[in-house]
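Letters go in sequence order (proteins before strands), and every chain restarts at 1. As the structure is a prediction and not an experimental result, all values here were calculated from the model.
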Amino acid sequence: MSTEARSNFLKTQIQSDLDTGGARQLVTRFPPEPNGFLHLGHAKSITVNFELAKQFGGQCHLRFDDTNPEKESQVFIDAIQEDVRWLGYQWHGEVRYASSYFQQLYDWALHLIDEGLAYVCDLSADEAREYRGSLTAAGRDSPHRSRSIETNRDIFERMRAGEYPEGSRVLRAKIDMASPNINLRDPILYRIRKAHHHQTGDAWPIYPTYDFAHGQEDAIEGVTHSICTLEFEDHRPLYEWFIEHLPVPSRPRQIEFARLNTSYTMTSKRKLKQLVDSKAVDGWDDPRMPTLAGLRRRGYPPAAIRHFCEEVGTSRSDSVVDVAMLESAVRNQLNAEAPRVMAVLNPLSLTITNREKPEVLAVANHPGDESMGTRSVPFTPDLYIDAADFREEANKKYKRLVIGKRVRLRGGYVIEADRCDHDSSGEVSHVYARVVEGTLGEDPPDGIKAKGVIHWVSATAGLNAEIRCYDRLFSDPNPSKAEDMMTLLNAKSLVRLEHAVIEPSLATAAGEAVYQFEREGYFVADRYDHTHEKPVFNMTIGLRDTWSDSRG
RNA sequence: UGGGGUGUCGCCAAGUGGCAAGGCAGCGGGUUUUGAUCCCGCCAUUCGCAGGUUCGAAUCCUGCCACCCCAGCCA
């Protein structure tokens with residue numbers, strides 16, 4: 001996969017700004033509000049900001065945009081930092097908080113009042129909405145718009161002192177109630193919130209709004225390029241208005257890009273919460289969730305997520321990226337780095353009738369990377385193979401074990417099946433086969449080659465394991481467009497296999513270690529539930545499959 | 001019907017007046033002790049539509065059309 005940086009409008013613009021001296025060194029920032037868990041969409045934003053800083057030799061800050069205490073908490077602050085680090089990024093300097101700038105923001109609000117550019121408005125929320133007008137009709141001036149500077153200063157200072165109840169008044173910028181851009185119709189700068197803040201405690205009874213805070217936060221930190229998503233485009237004139245009318249230490253610039261949407265996925269916080277609350281999934285870090293915690297538990301390597309974000313590109317057009325692209329990035333990464341092992345998901349007993357003594361085979365850990373070495377795999381007379389790998393009879397396209405035919409046991413001998421037993425319901429319950437001598441690392445001496453290769457595990461030395469097979473959470477490519485997404489849930493998004501058997505080398509697997517179970521897919525030792533006594537693996541992603549039972 | 005955006009292969013996406021990159025998906029073929037990987041090949045005479053300017057247009061102009069965002073004291 002190419003890590004070659006492809007051109008995009010952000011890089012072009014930044015290069016131009018750097019060339020013309022608009023900025024000496026690039027400074028970006030990832031500014032989440034600590035009110036929820038990070039998901040794939042955030043990963044895109046994180047990658048964009050950190051990679052840009054890396055590419056241009058600049059720096060990227062992590063700043064919590066914590067201006068609305070009622071929705072925020074320390075739990076999210078901690079989780080977000082862990083997720084950003086897990087993704088592979090380290091922000092420049094200390095973690096920053098919008099709340100650290102509350103005093104400066106307050107002083108700047110006073111500055112606007114003194115300049116006659118802000119006023120206290122006593123309209124209720126409902127009245128304010130009515131005065132704001134509509135998309136097609138201009139708004140009307142608030143009756144409090146012409147208060148004197150002295151009066152505004154006095155009331156605002158009392159707001160700050162906590163003298164008024166919530167909702168009783170707000171501070172507004174005096175811009176233009178008739179602007180076709182509704183964000184410019186005297187936007188609210190401060191509202192009264194008698195809420196305990198996770199960082200500032202009870203120091204403030206008033207809190208700045210996003211619009212009044214964000215650009216100034218950027219300016220304080222020397223952020224040169226404030227990169228956000230398209231829905232903030234209409235806010236840019238306001239962002240610039242504050243920068244122009246306030247004595248800020250630098251002049252940041254806002255640039256917007258299209259947020260990442262992925263098919264078969266949904267990243268609305270509200271809907272994700274619905275999935276958790278309704279128990280459709282097992283929590284915010286369920287392996288089927290698009291949260292970073294979920295992707296992590298699923299076994300998606302951070303490098304794969306980064307590559308995916310790079311490959312998808314950054315543009316300004318609304319789009320829905322095929323989730324197959326993400327899956328491809330994951331396979332790509334794992335193919336290179338995951339050691340190979342064998343595990344039988346649906347065990348079928350197979351007895352080797354011409355062997356009595358156990359043997360130990362040395363099997364390569366990676367077919368294309370000798371440096372990954374070999375491991376010992378016990379080969380005993382009693383084995384398990386997957387039920388799907390045996391048929392009493394089959395056509396020529398079936399390249400697995402068939403009575404009277406040969407197949408190679410991966411990493412071991414070629415065997416030939418002789419007969420099988422059936423259970424009371426007629427299902428095959430036991431297969432009997434023979435080793436074809438002289439086939440360890442060699443083709444059969446008689447020239448009759450094996451039809452294919454199947455994986456296996458010693459029944460006596462193998463370990464029982466729980467394997468959780470995951471599939472896409474939704475069966476529809478566009479769940480977020482649906483009236484009721486719950487009807488679009490994939491009923492088979494989780495299949496628990498309680499009786500899988502894994503090869504003994506896996507006894508020492510560490511939590512979060514990812515392996516390729518040969519011929520099946522990539523599986524990760526669950527970071528919470530996996531123990532050496534009771535192994536639990538999650539299916540990260542299956543191997544690419546260009547063959548299906550319908551063809552054979 | 002106000003304002004702001006976006007339209008290039010099934011899905012992303014480069015391209016910035018000189019004659020359509022790349023990835024994903026798909027389809028052929030080869031190698032293979034994973035029906036994986038890997039390797040080779042195929043996959044837009046055409047850039048939302050219609051006009052115009054130009055020797056030359058996806059790129060410039062005009063007019064349409066479609067889709068997305070905005071009326072929180074959320075971010």
Do A:K269 and A:L272 come close enough that some side-chain heavy atom pair is under 4.5 Å?
-> no
Please tell me if the side chains of A:M266 and A:S480 come closer than 4.5 Å, counting only heavy atoms from C-beta onward.
-> yes
base_contact_polar ([N] base, [X] side chain, donor-acceptor, <3.5 Å):
X: A:R519; N: B:U34; result: no
X: A:Q516; N: B:U34; result: yes
X: A:R340; N: B:U34; result: yes
X: A:R400; N: B:G35; result: yes

Counting heavy atoms from C-beta on, name the nucleotide in [options] closest to the side chain of [X].
X: A:L230; options: B:G5, B:U34, B:A13; value: B:G5
X: A:S315; options: B:A14, B:A36, B:G5; value: B:A14
X: A:S317; options: B:U6, B:G5, B:C12; value: B:U6
X: A:R410; options: B:U33, B:G5, B:G22; value: B:U33
X: A:R316; options: B:A25, B:U34, B:U6; value: B:U6

Can you list the residues that meet the side chain to side chain contact (heavy atoms under 4.5 Å, CB included) rule with A:F390, with sequence neighbours excluded?
->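 A:F390 satisfies side chain to side chain contact (heavy atoms under 4.5 Å, CB included) with A:L348, A:I385, A:E392, A:L401, A:I403, A:A417, A:C420, A:V428, A:V431 only.
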Only one of A:K399, A:K405, A:R400 passes side-chain contact (heavy atoms from CB on, under 4.5 Å) with A:V402; say which it is.
->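 Passing option: A:K405.
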Describe the nucleic acid contact of [X] in one word from base, sugar-phosphate, nothing, applying a heavy-atom distance below 4.0 Å.
X: A:V320; result: sugar-phosphate
X: A:G452; result: nothing
X: A:L361; result: nothing

Checking base pairs now: Watson-Crick or wobble, both atom distances under 3.5 Å. What partners [N]?
N: B:A57; result: none
N: B:G7; result: B:C65
N: B:G26; result: B:C42

Can you measure from NE2 (A:H455) to CZ (A:R340) and round to the nearest 0.5 angstrom?
-> 14.0 Å
For residues 160-192 of chain A, pull every pair meeting ring-ring contact (aromatic ring centres under 6.0 Å, His included), keeping only residues two or more places apart or in separate chains.
->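 Non-adjacent pairs meeting ring-ring contact (aromatic ring centres under 6.0 Å, His included): A:F156-A:Y190, A:Y190-A:F212.
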So, for A:F474 and A:Y264, is the gap between ring centers shorter than 6.0 Å?
-> no
Can you tell me how far P of B:C27 sits from CH2 of A:W547, to the nearest Å?
-> 16 Å
Sugar-phosphate or base contact per nucleotide [nucleotides 70-75 of chain B; S, B, -; heavy atom under 4.0 Å] = BBSBSB
